[in-house]
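By convention in this document, chain letters (A, B, ...) are assigned in the order of the sequence lines, proteins followed by strands, and residues within each chain are numbered from 1. Every heavy atom of this structure was used, including side-chain atoms; hydrogens, water molecules and symmetry mates were not.
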Protein chains: 2
Amino acid sequence: MSPKEEIVASRKQQIMNSAAILFASQGYYKTTTALVAEAVGVTQPYVFHFFKTKEQLYLAVLDHAFQRMQDAFARVEAPPEQLSEKLGEAFNDLLATHKNEILLLMQSFTTPEPGVREFTKERFSLIHDRIKERFEKAGVPNASHEASMFISCGLIITLSEVLEMPKLSPWCGLD
Amino acid sequence: MSPKEEIVASRKQQIMNSAAILFASQGYYKTTTALVAEAVGVTQPYVFHFFKTKEQLYLAVLDHAFQRMQDAFARVEAPPEQLSEKLGEAFNDLLATHKNEILLLMQSFTTPEPGVREFTKERFSLIHDRIKERFEKAGVPNASHEASMFISCGLIITLSEVLEMPKLSPWCGLD
DNA sequence: CTTCATTTATTTATCAATAAATAAAACATG
DNA sequence: CATGTTTTATTTATTGATAAATAAATGAAG
């Protein structure tokens with residue numbers, strides 16, 4: 001990558017980073033391309049130099065977030081009886097290091113843009129399948145059910161973060 | 001209620017009904033006041049005769065949905081060891097009879113309008129407290145944790161409905 | 001009962017603001 | 001100068017909201 005390309009890549013990445021923060025906290029519709037541009041220190045039309053449409057920008061950010069999550073889970077190694085716990089830890093680490101992305105993807109299913117729906121559905125399906133596989137290979141009896149419960153845990157944690165209600169978090173009095 | 005008031009009330013209710021359907025399936029921002037009006041067969045400005053702002057309409061619908069849910073849970077009576085199951089049944093019944101409202105309120109925490117956030121937070125807090133109380137009175141050890149898990153179950157069911165992914169539902173292979 | 005007045009229900013017309021997207025110009029730099 | 005980067009200027013569409021007008025119903029008075 002030549003130095004020139006580095007700058008371009010960094011601009012694009014800057015835009016995606018700012019977009020991730022804004023989309024996560026304000027959602028798809030309240031996040032205007034002008035706000036994203038302003039956060040980066042660039043003019044609004046310039047955003048369209050990197051992303052053909054606002055939706056493309058959103059999908060790019062979402063894709064990145066899903067990818068990071070998949071990788072994090074794939075990196076987990078644990079004996080069968082600790083698998084669930086270790087996957088949970090991986091999720092928590094991600095929540096600590098990339099909160100924006102996690103909140104974004106756990107909320108994305110709410111964005112009623114058809115393109116977003118389709119993409120989100122596909123990715124959630126993938127995540128579920130992968131987690132299920134992990135449980136299956138660990139010999140857990142009802143792997144699909146277990147995978148669903150794991151994801152539902154992610155959802156309630158997201159809810160507790162979004163509403164700033166620690167008491168909603170399932171590890172509230174424990175851990 | 002005089003016949004005149006009945007007609008007014010029915011108009012208002014019609015608007016709230018149509019709004020519930022639209023808000024649930026298209027979210028807050030894609031649901032325009034014009035769409036709501038059209039669904040009822042009324043002009044767009046007339047909606048503002050009943051609700052001062054679009055947000056007020058949304059909150060009214062949301063309030064109605066939360067109320068119905070609270071009532072449904074309050075009506076549940078069960079021995080301690082069946083409480084969780086019976087509450088779950090109540091939720092499922094509601095999902096069958098008032099799917100729109102359930103989807104709406106389980107997604108509402110995603111709407112970044114400050115007024116909506118506050119309202120949603122307050123109501124989710126109430127729901128959690130009530131469920132927790134029920135578990136406490138039933139002598140369940142970790143009532144708060146149990147209440148959170150119950151709500152998280154509602155969330156994943158909603159996700160599975162919104163994305164039309166039955167395999168995500170925790171009762172997928174069972175029940 | 002009929003005529004006039006008053007309220008209630010509803011529409012037409014329109015505003016002001018916002019936001020996504022396009023095109024073309026300017027700027028920089030190797 | 002030539003290529004890639006960034007801005008200025010502008011368009012077009014949408015949407016929430018307001019104000020004023022119309023129509024229909026109700027009620028009171030002669």
Q: For the backbone of V76(A) and the side chain of R134(A), can you confirm whether one donor and one acceptor N or O come within less than 3.5 Å of each other?
A: yes

Q: Measure up the F50(B) and Y46(B) rings against each other and bin them: parallel (under 30°), tilted (30 to 60°), perpendicular (over 60°).
A: perpendicular

Q: Check this one for me: any side-chain N or O of R11(B) less than 4.0 Å away from OP1 or OP2 of dT10(C)?
A: yes

Q: Would F119(B) and Y58(B) count as a ring pair (Phe, Tyr, Trp, His ring centres under 6.0 Å) here? Give the steps.
A: CA-CA 11 Å; F119(B) 183 85; Y58(B) 187 79; 8.9 Å; no

Q: F51(B) CZ to dT18(D) C1': how many Å, rounded?
A: 18 Å

Q: Check the distance between dT6(D)'s P and E38(A)'s CD and give it to me in whole angstrom.
A: 18 Å

Q: For the pair T158(A) (side chain) and L103(A) (backbone), establish whether a donor and an acceptor sit closer than 3.5 Å, ignoring hydrogens and angles.
A: no

Q: Send over the distance from K30(A) NZ to dA19(C) P, rounded to a whole Å.
A: 10 Å

Q: Give, ordered by number, those residues of residues 20-29 of chain B having at least one heavy-atom distance below 4.0 Å to an atom of DNA chain D; if nothing qualifies, reply none.
A: none

Q: Residues in side-chain contact (heavy atoms from CB on, under 4.5 Å) with P114(B), at least two apart?
A: K30(A)

Q: In whole angstrom, what separates F50(B)'s CZ from dA9(C)'s P?
A: 7 Å

Q: Would you check if the side chain of R123(A) reaches a backbone N or O of L62(A) as a donor-acceptor pair within less than 3.5 Å?
A: no

Q: Ignoring backbone atoms, establish whether Y46(A) has a side-chain N or O less than 4.0 Å from OP1 or OP2 of dT7(D).
A: no

Q: Provide the closest heavy-atom pair for F51(B) versus M16(B) in the form atom of the first, atom of the second, distance.
A: CZ-CG, 3.6 Å

Q: How does protein reach along nucleotides 21-29 of chain C, written 5' to 3' as B (base within reach of a heavy atom under 4.0 Å), S (only sugar-phosphate), or - (no contact)?
A: BB-------

Q: Among the candidates dA19(C), dT5(D), dT11(C), find the nucleotide nearest to the side-chain atoms of H49(A).
A: dT5(D)

Q: Please classify the nucleic acid contact of T43(A) as base, sugar-phosphate, or nothing, using heavy-atom distances under 4.0 Å.
A: base

Q: Would you check, one step at a time, whether the test ring pair (Phe, Tyr, Trp, His ring centres under 6.0 Å) holds for F124(B) with F66(B)?
A: CA-CA 9 Å; F124(B) 262 104; F66(B) 269 113; 5.7 Å; yes

Q: Please determine if K54(B) forms a cation-pi arrangement with Y28(B), meaning its NZ or CZ atom is less than 6.0 Å from the six-membered ring centre and no more than 45° off the ring axis.
A: yes

